[in-house]
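All remarks here apply to the structure that follows.
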Amino acid sequence: MSAGRLAGRRAIVTGAGSGIGAAVAARLAADGAQVFTADIQGEVDFIADLTEADANARLVAAAIERMGGLDTVVPCAGISAFHPLEGHDDAYFQRVLDVNLVAVFRLVREATPHLKAHGAGRIVTIGSTTSTYGDEGLCAYSASKHAVLGFTKSVAAELGPFGVTATCVQPGAIDTPMTAPAFDQMPEYRTFWEGKAPLRRLGQAGDIADVVAFLCSEDARFVSGHGLWVDGGAMVRH
Ligand code: NAD
């Protein structure tokens, strides 16, 4: 922990009502940033379904009104569930894309003028190891997370000339309310992921938050367009 290394920074963190987003918001604040939090539920500054057409524009406006500016965005809100391809309904597939991809696009688009004006803006998206690989029952999720990684790379290319970096953190299996039901109901699933990681454990939300904080900091000023696995080494066995 580097107390104060984000002093002066003004960040939006979505999905901050739970899991990784909550840990990111706490970590950025502990490092000295002002943080404006959003979610569809929970104890956050801005409650909205971020798939609503104007929700991200309203979020950016509310954050700027509160903080006086904006230089960092970390869209963590996401959904996931196992659905086999056969019988996969259109509405759920679309919902996953809307939450995990379209809402991220809209937030970054709305934030862009402010990040450019700042001169050292930071965008840290949350992909997944399924941004690189696929998995059974995760066709919608994996499609959305591959797309987020591609989106992030193109944003990095477009905004780099304005001093803005865009990176994508790709968590492995992290013990959060998103994954807890599966880990609790299928102990073999937990054991599989613990064994797959050379570090021999599931990740914790703080493992991701610490890396996000680094990527938001001046220390990461020359890192952009990069997808970074934070998975205890699990993907070396893929
Ligand atoms: P989580 O369920 O604990 O948190 C996700 C948050 O997103 C929740 O608070 C939820 O209310 C919010 N959210 C969902 N839909 C929303 C909407 N329409 N509008 C606003 N907020 C909405 O899950 P988590 O594990 O902390 O996941 C955070 C991010 O990390 C997600 O993008 C997820 O895909 C990604 N991720 C998680 C894991 C893991 O193993 N837990 C692995 C890889 C990537």
Side-chain angles (χ1 to χ4, degrees), residues 12-27 36-60 62 73-82 91-92 94-108 123-135 137-138 140-149 151-152 168-184 186 189-190 192-194 196-197 201-209 211-212 227-232 234-235:
I12 288 175
V13 179
T14 73
S18 176
I20 291 169
V24 167
R27 177 62 209 258
F36 194 79
T37 55
D39 204 297
I40 198 170
Q41 55 82 35
E43 293 189 17
V44 292
D45 299 305
F46 185 88
I47 291 271
D49 180 344
L50 294 172
T51 68
E52 289 173 4
D54 65 344
N56 286 284
R58 289 189 287 112
L59 168 57
V60 168
V73 289
V74 188
C76 295
I79 55 171
S80 172
F82 290 98
Y92 181 71
Q94 189 62 55
R95 180 72 183 167
V96 172
L97 293 182
D98 285 347
V99 178
N100 293 0
L101 175 64
V102 179
V104 174
F105 149 69
R106 287 181 179 145
L107 176 59
V108 170
I123 299 162
V124 183
T125 61
I126 308 296
S128 163
T129 46
T130 63
S131 297
T132 304
Y133 297 109
D135 213 344
L138 288 180
Y141 185 74
S142 178
S144 74
K145 292 300 185 179
H146 270 71
V148 158
L149 177 58
F151 170 75
T152 307
C168 180
V169 170
Q170 297 181 245
I174 312 298
D175 198 1
T176 71
M178 176 183 279
T179 50
F183 289 136
D184 290 346
M186 298 182 284
Y189 185 61
R190 175 185 286 271
F192 170 79
W193 280 104
E194 287 172 346
K196 190 172 167 70
R201 66 174 176 85
L202 297 178
Q204 299 299 319
D207 295 324
I208 306 304
V211 174
V212 171
L228 177 61
W229 291 340
V230 185
D231 65 347
M235 287 304 118

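Computed from a predicted model, the values in this text were never measured in an experiment. Counting starts at 1 for both ligands and their atoms, following the listed order.
Of the N or O atoms in Asp39, one or more lie within a sub-3.5 Å distance of an N or O in ligand 1. Distances between N or O atoms of Ile20 and those of ligand 1 include at least one value under 3.5 Å. An N or O contact shorter than 3.5 Å links Ser18 to ligand 1 by distance. Any N or O atom pair closer than 3.5 Å counts here, and Ile126 shares no such pair with ligand 1. Annotation: Tyr141 places an N or O atom under 3.5 Å from an N or O atom of ligand 1; distance criterion only. Between Cys76 and ligand 1, at least one pair of N/O atoms sits closer than 3.5 Å.
Between the choices Ala22, Gly78, Ala16, Ser144, the shortest heavy-atom distance to atom 14 (C) of ligand 1 belongs to Gly78.
Contact annotation: for Leu50 versus ligand 1, heavy atoms closer than 4.0 Å belong to both the backbone and the side chain. The parts of Ile174 lying near ligand 1 are both backbone and side chain, judged by heavy-atom distances below 4.0 Å. Residue Ile79 touches ligand 1 through its side chain alone, judged by heavy-atom distances below 4.0 Å. Contacts with ligand 1 closer than 4.0 Å are made by heavy atoms of both the backbone and the side chain of Asp49. No part of Gln170 comes within 4.0 Å of ligand 1, judged by heavy-atom distances. Only the side chain of Arg95 comes within 4.0 Å of ligand 1, counting heavy atoms alone; its backbone N, CA, C and O stay farther away. By the criterion of a heavy-atom distance under 4.0 Å, the backbone of Ala173, and not its side chain, is placed next to ligand 1.
Applying side chain to side chain contact (heavy atoms under 4.5 Å, CB included) to Thr14 and the options Val74, Asp39, Leu59 leaves one that passes, Leu59. Just one residue in the list Leu50, Asp49, Ile47 forms a side chain to side chain contact (heavy atoms under 4.5 Å, CB included) with Ile40, and that residue is Asp49.
Ligand 1 does not have Ala23 within reach: every non-hydrogen atom of the residue lies 4.0 Å or more from it. For the pair Ala103 and ligand 1, no heavy-atom separation below 4.0 Å is found. A heavy-atom separation below 4.0 Å is found between Gly127 and ligand 1.
Looking only at distances, a side-chain donor or acceptor of Thr179 sits under 3.5 Å from a matching main-chain atom of Ile174.
Annotation for Arg106 and Glu52: closest pair NH1-O, 3.9 Å, computed over non-hydrogen atoms. Summarising the geometry of Tyr92 relative to Ser80, their closest heavy-atom pair is OH-C, 3.5 Å, with the distance given to 0.1 Å. The shortest heavy-atom contact between Phe105 and Phe151 is CA-CZ, 3.6 Å. Here the shortest heavy-atom pairing between Asn100 and Val148 reads O-CG2, 3.0 Å. Shown here for Gly227 and Leu149, the closest heavy-atom pair between the two residues is CA-CD1, 3.8 Å. Scanning both residues, Ala81 and Leu138, for their nearest heavy atoms gives O-CD2, 3.9 Å.
Under a 4.0 Å criterion applied to the non-hydrogen atoms of Pro177, ligand 1 contributes the atoms 3 (O). For ligand 1, the atoms closer than 4.0 angstrom to any heavy atom of Val99 are 15 (N), 18 (N). Close contacts between ligand 1 and Gln41 involve ligand atoms 8 (C), 9 (O), 11 (O) [criterion: under 4.0 Å to a heavy atom]. Every atom of ligand 1 is numbered from 1 in the order shown, and the set under 4.0 Å from a heavy atom of Ala48 is 19 (N), 20 (C). Residue-ligand proximity, Gly19 to ligand 1, at heavy-atom distances under 4.0 Å covers atoms 3 (O), 26 (O).
Qualifying salt bridge (Lys or Arg N to Asp or Glu O under 4.0 Å) partners for Asp45, counting only residues two or more places apart in sequence or in other chains: Arg66.
When only non-hydrogen protein atoms are considered, atom 23 (O) of ligand 1 lies nearest to Met178 CB, 3.2 Å. In terms of protein heavy-atom proximity, atom 38 (C) of ligand 1 is closest to Gly172 O, 4.0 Å. Scanning all protein heavy atoms for the shortest distance to atom 21 (N) of ligand 1 gives Ile40 N, 3.2 Å. The shortest contact between atom 25 (O) of ligand 1 and any protein heavy atom is with Thr176 OG1, 2.5 Å.
Under 3.5 Å, the side chains of Asp98 and Thr51 contain no donor-acceptor pair of N or O atoms.
Remark: Gln41 CD is packed, more than 12 non-hydrogen atoms of other residues, nucleotides or ligands lying under 6.0 Å away.
Taking the six-membered ring where the residue is Trp, Phe82 and Tyr189 present perpendicular rings, their angle passing 60° and hence far from 30°.
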Problem set entry | Pair Ser18-Thr176, side chain to side chain contact (heavy atoms under 4.5 Å, CB included): steps then yes or no | CA-CA 8 Å; Ser18 176; Thr176 71; 5.8 Å; no
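With respect to the salt-bridge test (charged N to carboxylate O, under 4.0 angstrom), the residues Asp207 and Arg201 qualify.
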